Amino acid sequence: MTPEKARARLIARREEILDGDINADARDTVELDQTSVGRLSRMDALQGQAMAQAARRRAEADLKRIETALARLDAGEWGRCTDCGDEIAPRRLEIDPAIALCRECAR
């Protein structure tokens, strides 16, 4: 993959994450008043809240990885392992252009 293609994919993925509508209401505190919400409904709401929070954390981690990869592209270091400096296999970069480690260092 060329650095230009990698940049385009990373920017597209960043925009996809930023434009994604992760329901903020689902992350809000769950009402614990049993007169308005039954126990099972409250448990479902708590589970939904936890899933929305986990999705938000994954999206934030992906954004950080993307921004770091874009910085490596700008610095001319993209495609090299951040640990050992060896070249990252092209197939790994095709799968995930934000990858920072070669196969050996990822183990």
Side-chain angles (χ1 to χ4, degrees):
M1 169 181 298
T2 67
E4 294 79 21
K5 279 186 178 182
R7 181 180 303 281
R9 281 187 55 197
L10 290 166
I11 290 172
R13 178 64 182 136
R14 178 179 63 189
E15 294 304 314
E16 183 181 306
I17 292 169
L18 292 174
D19 291 342
D21 185 20
I22 297 176
N23 190 351
D25 292 338
R27 293 190 314 265
D28 290 343
T29 303
V30 175
E31 178 65 40
L32 294 179
D33 181 10
Q34 286 191 8
T35 61
S36 65
V37 178
R39 183 175 60 86
L40 292 178
S41 295
R42 193 174 65 252
M43 288 173 58
D44 286 343
L46 287 168
Q47 182 180 16
Q49 177 190 39
M51 289 170 52
Q53 290 171 344
R56 182 83 225 134
R57 284 191 298 272
R58 280 191 307 275
E60 289 170 357
D62 281 348
L63 284 174
K64 286 180 186 175
R65 289 178 36 222
I66 290 167
E67 292 301 329
T68 302
L70 288 169
R72 286 195 314 270
L73 272 163
D74 291 340
E77 299 169 357
W78 180 81
R80 296 230 165 255
C81 178
T82 56
D83 278 0
C84 69
D86 285 349
E87 189 173 316
I88 297 172
R91 181 70 179 132
R92 283 178 64 81
L93 293 171
E94 281 287 332
I95 293 168
D96 182 4
I99 202 90
L101 300 173
C102 68
R103 197 172 121 205
E104 290 302 314
C105 292
R107 289 183 186 185

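What you see below is based on every heavy atom in this structure, not just the backbone, and it leaves out hydrogens, waters and symmetry mates. Because the structure is a prediction, the values reported are computed rather than measured.
Side-chain contact between E104 and C84: absent, with no pair of heavy atoms (C-beta onward) separated by less than 4.5 Å.
Although no hydrogens or angles enter the test, the distance criterion places a donor-acceptor pair under 3.5 Å between the side chain of R9 and the main chain of E94. Side-chain atoms of R92 come within 3.5 Å of backbone atoms of L101 as a donor-acceptor pair (strictly under, hydrogens ignored).
Rounding to the nearest 0.5 Å places CG of L10 at 6.5 Å from CG of L73. Rounded to the nearest 0.5 Å, atoms CZ (R65) and CD1 (I99) are 6.0 Å apart. One finds the CG atom of D62 at 13.5 Å from the CZ atom of R57 (value rounded to the nearest 0.5 Å).
Closest heavy-atom contact between C81 and I88: N-CG1, 3.7 Å. Nearest heavy atoms, W78 versus A6: CZ2-CB, 3.3 Å.
Sorted by first and then second residue, the pairs that involve residues 71-89 and meet salt bridge (Lys or Arg N to Asp or Glu O under 4.0 Å), not counting sequence neighbours, are R7-D74.
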Exercise for the section: Please step through salt bridge (Lys or Arg N to Asp or Glu O under 4.0 Å) for the pair R13 and E16, ending with a clear verdict. Expected result: CA-CA 5 Å; R13 178 64 182 136; E16 183 181 306; 2.6 Å; yes
Problem - Worked check of side chain to side chain contact (heavy atoms under 4.5 Å, CB included) between T68 and T82 - result: CA-CA 11 Å; T68 302; T82 56; over 6 Å; no
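Linking Ile, Leu, Val, Met, Phe, Trp and Tyr whenever their side-chain heavy atoms come within less than 4.5 Å puts L93 and I11 in one cluster. Under the 4.5 Å side-chain contact rule for hydrophobic residues, L70 and L18 share a cluster.
For the pair K64 and E60, the salt-bridge criterion is not met [side-chain N within less than 4.0 Å of a carboxylate O].
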